[in-house]
*Asks:* 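Got a structure for you, written out below as structure tokens; questions coming shortly.
Please read all numbers here as calculations on a predicted model, not as lab measurements. Lettering of chains follows the sequences in order, A, B, ..., and the numbering in each one begins at 1. Basis for what follows: all heavy atoms, side chains included, without hydrogens, waters or symmetry-related copies.
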There are 2 protein chains.
Amino acid sequence: MDRLLADCRARLGFDLLGNTWNPVVLYALGAGPRRPGQLRAEIGGISAKVLTETLRRLEEYALVERRAYAEAPPRVEYSRTALGRTLLEPIEALGRWSATYGDAFVEAQGWDD
Amino acid sequence: MDRLLADCRARLGFDLLGNTWNPVVLYALGAGPRRPGQLRAEIGGISAKVLTETLRRLEEYALVERRAYAEAPPRVEYSRTALGRTLLEPIEALGRWSATYGDAFVEAQGWDD
DNA sequence: CGGTATCCGAAAAGATACTG
DNA sequence: CAGTATCTTTTCGGATACCG
């Protein structure tokens, strides 16, 4: 906490998770390798295109690993890399917060997404 | 963690922090009340307009409180509400991640913002 | 099924100038 | 100093159609 936020490194995590789908997809990958179809079902409300884009982005950052199997029909699995797993702590802290305060917040603010 | 991500409440925290500035501003408010000018200096790279918009948004969510003093020149201070403080844990977890892995990540990815 | 290519609209964010 | 008002640019995410 002694770092200035102006230092880009101190803000890296916020950049990585500072969009709608990166943290959600990363969170959904918590329980092990997942196929895109599974991810879409578990996450809900994400289009195939946006999911693919998100996974590509995370792959680029070396947070997620893509493994394709030469089968028909095609099978692809995504999983976290070692670096991606280090993000688990802050992401799950956020998940815990949602579980703890979500109801109260939604009630107070009238949010239902 | 037994909640489906499709449940909007389980994703609330991700929505609140899932944009560029909300988490950064909330993080910058960690050390107590701040004036807009201070925030801009500490954060860096945020325009007055965007900072105001962000603070208004956070105020709307009851995460941040605005206090204006009837002085000249005008003085305004923003601070976290009790609810906003509950978000401190996940946000600081993200800050810690940045401090721990920021350098390695930037080096590996060639990011300098 | 996984992935790509377009096209499109909404929202975010930047720049600038101005008010109390 | 804090905030507002415009205007412009850009990014993001959604919809649809199509390929291997």
*Asks:* Starting at CG of A:Leu55 and ending at P of C:dG2, how long is that distance when rounded to a whole Å?
*Replies:* 11 Å

*Asks:* Of the listed nucleotides (D:dC1, C:dG2, C:dC1), which one gets closest to any side-chain atom of A:Arg66?
*Replies:* C:dG2

*Asks:* Should A:Thr20 be listed as having a side-chain N or O under 4.0 Å from OP1 or OP2 of D:dG13?
*Replies:* yes

*Asks:* Can you name the nearest heavy-atom pair linking B:Tyr27 to B:Gly95, along with the distance?
*Replies:* OH-CA, 3.9 Å

*Asks:* Closest approach to the side chain of B:Arg35, judged atom by atom: which nucleotide of C:dA13, D:dA2, C:dG3 is it?
*Replies:* D:dA2

*Asks:* Would you mind classifying the nucleic acid contact of A:Tyr69 as base, sugar-phosphate or nothing, using non-hydrogen atoms under 4.0 angstrom?
*Replies:* nothing

*Asks:* Using whole Å, what does the distance between atom P of nucleotide D:dC12 and atom CG of A:Leu58 come to?
*Replies:* 13 Å

*Asks:* To the nearest angstrom, how far is B:Asp15 atom CG from D:dC12 atom C1'?
*Replies:* 14 Å

*Asks:* Could you say whether B:Gln38 or A:Ser47 is positioned toward the 5' end of DNA chain D, judged by the nucleotide with the nearest heavy atom to each?
*Replies:* B:Gln38

*Asks:* Looking only at heavy atoms, which two atoms of A:Ser98 and B:Arg9 are closest? And how far apart?
*Replies:* CB-O, 3.3 Å

*Asks:* State whether the distance check finds a donor on one side and an acceptor on the other, under 3.5 Å, for side chain B:Lys49 versus base C:dG14.
*Replies:* yes

*Asks:* Using whole Å, report how far CD1 of B:Ile46 lies from P of C:dA12.
*Replies:* 13 Å

*Asks:* Taking atom P of D:dC1 as reference, at what distance in whole Å does atom CG of B:Leu51 sit?
*Replies:* 14 Å

*Asks:* If you assign B:Trp21 and A:Arg75 each to the DNA chain C nucleotide with the nearest heavy atom, which residue ends up on the more 5' nucleotide?
*Replies:* A:Arg75

*Asks:* For A:Arg56, which contact category applies under a 4.0 Å heavy-atom criterion: base, sugar-phosphate, or nothing?
*Replies:* sugar-phosphate

*Asks:* Testing A:Leu58, A:Val25, A:Leu83, A:Thr81 for side-chain contact (heavy atoms from CB on, under 4.5 Å) with A:Val64, which one passes?
*Replies:* A:Leu58

*Asks:* Measure from the side chain of A:Tyr78, starting at C-beta and using heavy atoms only, and say which of D:dG14, D:dG3, C:dG3 lies closest.
*Replies:* C:dG3

*Asks:* Is any side-chain N of the basic residue among B:Glu53 and B:Arg57 closer than 4.0 Å to the acidic one's carboxylate O?
*Replies:* no

*Asks:* Looking only at the side chain of B:Pro74 (C-beta and beyond, no hydrogens), which of the listed nucleotides C:dG2, D:dG13, C:dG20 gets closest?
*Replies:* C:dG20

*Asks:* Are any non-hydrogen side-chain atoms of A:Leu26 and A:Thr54 less than 4.5 angstrom apart?
*Replies:* no

*Asks:* With respect to the side chain of B:Thr52, which nucleotide from C:dG14, D:dT4, C:dG3 is positioned closest?
*Replies:* D:dT4

*Asks:* In whole angstroms, how far is the P atom of C:dA12 from the CG atom of B:Leu17?
*Replies:* 15 Å

*Asks:* CZ of A:Arg40 versus P of D:dG13: gap in Å, rounded?
*Replies:* 15 Å

*Asks:* For A:Leu39 and C:dG3, what is the distance between atoms CG and P respectively, to the nearest whole Å?
*Replies:* 10 Å

